[in-house]
Amino acid sequence: MPIPSSDWQAELASSLSAISGVDGQAARRSLMAPSAPLCDWCSNLAFSQAKERKTSPAKLAAEWAKGKKWPIFVQKVEAAGPYLNFHFSPAFWSAILSSAAGEKDWGLLPPLAIKALIEFPSVNPNKPWHVGHLRNALLGDSLARLLSSAGRTCERMDYIDDLGLQVAQSVWGEGQKAAKADASSSPFSKKLDHALGWKYVWVSKQLEKPEVETEVRALLKQMEEGHEPVASNARHLVEQCVKAQYETAFSFGIYHDVLIFESDIVRTIFGEGLKKIIDSGAAVKETSGKNAGCLVVKLQDQPGFAGMENADKILIRSDGTATYTGKDVAFTLWKFGLLQDSFLYSPLLVQPNQQTAYESSNSKSKTNSYPMPFARAQMVVNVIGAEQAYPQKVISAVMRKMGYSKEADACIHLSYEHVVLPEGRFSGRKGTWMGGENSVGFTADELLDEMRKLAVEKIKPEYSEEQKLSISQAVAVSAIRFWFLRPNAGQKITFDYEKALSFSGDSGPYIQYAYARASRILEKGREAGLLPAPPGSDYVFNEQEIGLARLLMRWPHALESAASKCQVHPIADFTLEAAGKFNEFYTTTPVLAEEVSASDKSARLMEVAAARALIGRGMDILGLPKLERM
RNA sequence: GGGCCCGUGACUCAGCCUGGAUAGAGUGCCUGCCUUCUAAGCAGGAAGUCGGGAGUUCAAAUCUCCCCGGGCCCGCCA
């Protein structure tokens with residue numbers, strides 16, 4: 001049986017090029033999937049050639065269709081008006097199906113020498129994740145899964161802003177005996193991140209008093225300067241809060257490799273990074289004007305900044321402290337391995353996927369801190385809200401100005417729009433993420449909780465309580481993950497779980513269901529002593545079987561395309577389509593029915609295995625839990 | 001003043017980068033299908049000025065320009 005080359009499209013292009021006399025590039029570009037299921041693949045090359053050859057596209061296509069030397073897997077070529085339509089041979093489908101069914105690594109792209117660092121979700125460590133943070137984390141997590149499937153090496157990093165004003169405010173709140181938090185309506189009031197969040201509502205009211213503001217500022221200064229015991233206490237509180245937040249992450253299947261604390265950036269790599277910026281000549285100290293005394297980068301000579309009123313960006317304030325931009329540039333230099341200095345790390349916790357998450361460290365008293373080979377990436381992705389596009393652009397521009405144009409190009413802002421309530425935007429500061437009686441579902445924990453309750457009701461009664469628990473958890477996670485990952489990241493998501501989060505149609509559970517169906521058929525096949533095997537050469541593929549095979553052949557390209565664009569949502573669409581194709585196959589094509597011959601049973605089991613492999617690849621990237629039955 | 005994102009059936013979204021065959025899904029609505037591998041499913045129907053206009057092209061939802069509507073950004077803040 002002729003095995004189609006994994007690059008069958010290149011083969012087809014080269015034949016088309018030879019037959020038409022058009023150069024290979026143009027031939028390659030003309031090849032595409034047909035918009036209707038008229039054929040397996042097609043070319044519109046005749047359109048562009050007709051003019052210069054002074055003939056009609058249809059005539060050209062008809063002439064080329066008579067060509068002799070098409071690749072062996074092409075069974076038939078026909079001209080459909082100006083289009084050249086290709087029909088592939090059954091042997092091609094057999095080979096496609098059997099490689100998907102049989103090869104363990106099928107659907108993964110070969111390794112590339114690219115390490116991608118993905119930073120997400122960088123939530124302030126003094127409150128629970130709300131649904132906006134969840135969107136960020138799911139995008140980051142799925143992007144890492146996507147890039148890994150597409151041959152890149154990925155590192156998942158979280159940035160912990162332990163020197164922020166919000167943390168200082170929470171630290172202040174912890175020291176107040178009078179601190180009150182009405183968390184009685186929350187089922188998560190005992191979880192530290194929630195407890196801090198509730199208390200923060202009280203703290204933010206106290207901040208209206210000027211003396212409180214002063215105390216908080218003093219506290220922040222001590223934290224920044226590392227005064228003890230304030231610094232250690234703050235660090236401890238932050239670590240405990242992050243661990244609580246990560247319980248939420250774990251429940252959604254979100255993991256990290258390393259957490260970098262802002263305080264550690266300030267105390268280790270920042271100095272060297274700043275020196276590098278100054279030495280490069282990219283930044284200058286202003287001696288006059290409104291930025292006198294500041295270290296600034298002048299960006300008016302950079303693309304995109306030319307027309308600006310004020311393209312000067314301050315890195316170091318006149319009081320000697322660093323702006324976020326200043327710190328971020330140093331941090332970015334470190335991410336690319338452009339600094340000598342680095343962090344020491346210590347294990348923070350072992351995650352449910354058995355991977356240890358490490359945290360940066362600057363404490364010499366910690367005996368278990370050691371160097372680790374984090375960062376040194378070729379590609380740096382920051383998952384950050386769309387409103388921060390400008391500061392992200394500034395970082396790239398400074399890098400470019402420093403002479404690191406390759407790195408500047410490899411700084412990717414994965415921008416996403418906010419999750420909004422029908423009434424307006426979420427705000428952690430105003431406390432609206434949990435305020436109010438009927439606000440259930442606003443935090444990620446509450447959302448999952450509600451979805452689990454809805455999912456339980458749909459589970460078949462024959463399952464045990466224990467099974468119901470694990471299935472409802474998996475279904476809830478898949479519904480939520482899919483709902484967040486399906487739309488383009490640039491689309492606003494209006495938060496309304498009753499309407500939007502569904503278990504049917506375009507949904508995570510729809511995909512899970514197809515996967516579970518496929519799994520059960522394979523299981524029943526095994527029980528009957530049947531294993532997947534390629535069909536005989538006389539096997540006639542029906543429309544649904546070919547539909548499945550057509551998707552399989554498109555997968556590698558779909559995966560690489562999504563990965564190179566750092567977009568997860570095309571995978572959501574593709575996986576949905578795969579589940580749909582399998583469901584069509586399922587309802588039209590009996591696999592284990594009595595009237596099916598033994599060899600056909602095996603052939604169809606192979607198709608089921610192939611479909612399951614394809615759907616499974618998509619689920620891995622989207623992070624949808626796989627159920628063998630549901 | 002400058003810049004970014006969004007606008008596609010009643011609703012929620014794909015498709016736009018890289019122009020190509022009757023613009024795809026799902027929800028909701030209407031009609032069928034469970035004695036046959038799981039009906040969280042399948043088949044079918046009604047429903048679309050692709051925000052508006054101009055341009056480029058053999059061909060525009062897709063590229064260019066202008067305009068309209070909605071959101072966001074352009075601090076020694078954090």
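Just so it is clear: chains get the letters A, B, ... in the order the sequence lines come, proteins before strands, and each one is counted from 1.
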Does [X] reach a base, just sugar-phosphate, or nothing at all? Heavy atoms under 4.0 Å.
X	value
A:Asn85	base
A:Ile316	nothing
A:Asp161	nothing
A:Arg217	sugar-phosphate
A:Lys51	sugar-phosphate

In whole Å, what is the span from the [atom1] atom of [X] to the [atom2] atom of [N]?
X	N	atom1	atom2	result
A:His418	B:rC72	NE2	P	10 Å
A:Tyr83	B:rA21	OH	P	5 Å
A:Asp506	B:rG28	CG	P	12 Å
A:Gln49	B:rC58	CD	P	15 Å
A:Asp573	B:rC13	CG	C1'	9 Å
A:Glu387	B:rC74	CD	P	10 Å
A:Tyr416	B:rC73	OH	P	14 Å
A:Lys313	B:rA78	NZ	P	13 Å

Inset, instruction - Decide yes or no on side chain to side chain donor-acceptor pair (under 3.5 Å) for A:Tyr416 and A:Arg135, but give the supporting numbers first. - result: CA-CA 8 Å; A:Tyr416 65 95; A:Arg135 185 178 199 186; over 6 Å; no

Distance check, [atom1] atoms only: [N] and [M], in whole angstrom units.
N	M	atom1	answer
B:rC42	B:rG71	P	38 Å
B:rA61	B:rG55	P	15 Å
B:rG28	B:rC74	P	42 Å
B:rU18	B:rU12	C1'	28 Å
B:rC16	B:rU64	C1'	14 Å
B:rA14	B:rU27	C1'	15 Å
B:rC67	B:rG24	C1'	29 Å
B:rC6	B:rG15	C1'	15 Å

Inset, instruction - By nearest nucleotide on RNA chain B, pick out whichever of A:Lys565 and A:Arg317 is the more 5' one. - result: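 Residue closer to the 5' terminus by nearest nucleotide: A:Lys565.
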
Legend entry - 5' priority, RNA chain B, between A:Gly164 and A:Asn44 [closest heavy atom]: A:Asn44

Inset, instruction - State whether the distance check finds a donor on one side and an acceptor on the other, under 3.5 Å, for side chain A:Lys492 versus base B:rC5. - result: no

Legend entry - Under 3.5 Å donor-acceptor pair, A:Ser318 side-chain atoms to B:rC76 base atoms: yes

Answer whether the closest heavy-atom distance between the side chains of [X] and [Y] falls below 4.5 Å.
X	Y	answer
A:Pro37	A:Arg550	yes
A:Gln300	A:Gln302	no
A:Leu315	A:Val296	no

Inset, instruction - Return the orientation label for the A:Tyr159 and A:Phe331 ring planes: parallel under 30°, perpendicular over 60°, tilted otherwise. - result: tilted

Legend entry - Cation-pi check, A:Arg517 onto A:Tyr586 ring (under 6.0 Å, within 45° of axis): yes

Legend entry - Pi-cation contact, A:Phe305 with A:Lys393 (under 6.0 Å, within 45°): yes

Given [N], is OP1 or OP2 found less than 4.0 Å from the side-chain N or O atoms of [X]?
X	N	answer
A:Arg53	B:rC58	no
A:His413	B:rC4	no
A:Gln388	B:rC72	no
A:Gln491	B:rG7	yes

Legend entry - Between CD on residue A:Glu286 and CG on residue A:Leu295, distance to nearest 0.5 Å: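 Between A:Glu286 CD and A:Leu295 CG, I get 9.5 Å after rounding to 0.5 Å.
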
Inset, instruction - Measure the OG1-NZ distance between A:Thr287 and A:Lys285 for me, rounded to the nearest 0.5 Å. - result: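 So the OG1 of A:Thr287 and the NZ of A:Lys285 are separated by 10.0 Å.
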
Inset, instruction - Using a 90° cut-off around 0 for syn, call B:rC34 syn or anti. - result: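 Judged by the O4'-C1' to base torsion, B:rC34 sits in syn, the angle falling within 90° of 0.
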
Inset, instruction - Kindly say whether A:Gln166 contributes a backbone atom to a donor-acceptor pair with the side chain of A:Asn126 at under 3.5 angstrom? - result: yes

Legend entry - Side-chain donor-acceptor pair present, A:Thr587, A:Glu584, cut-off under 3.5 Å: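 No.
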
Legend entry - Letter per nucleotide, 5' to 3', of nucleotides 35-42 of chain B [B base touched, S only sugar-phosphate touched, - untouched; heavy atoms, 4.0 Å]: --BBSBSS

Legend entry - Test side-chain contact (heavy atoms from CB on, under 4.5 Å) applied to A:Tyr200 and A:Asn124, step by step: CA-CA 12 Å; A:Tyr200 190 75; A:Asn124 269 320; over 6 Å; no

Legend entry - Dot-bracket summary - RNA chain B, pairs being Watson-Crick or G-U whose distances fall under 3.5 Å, with | when paired to another strand: (((((((..((((......[...)))).(((((.......))))).....(((((..]....))))))))))))....

Inset, instruction - Between B:rG26, B:rA21, B:rC74, spot the one nearest the side chain of A:Ser35, thanks. - result: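 That would be B:rA21.
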
Inset, instruction - Kindly state whether the pair A:Phe47 / B:rG20 counts as stacked, where counting means centroids closer than 5.5 Å and planes tilted less than 30° apart. - result: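 Yes; centroid distance and tilt both under limits.
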
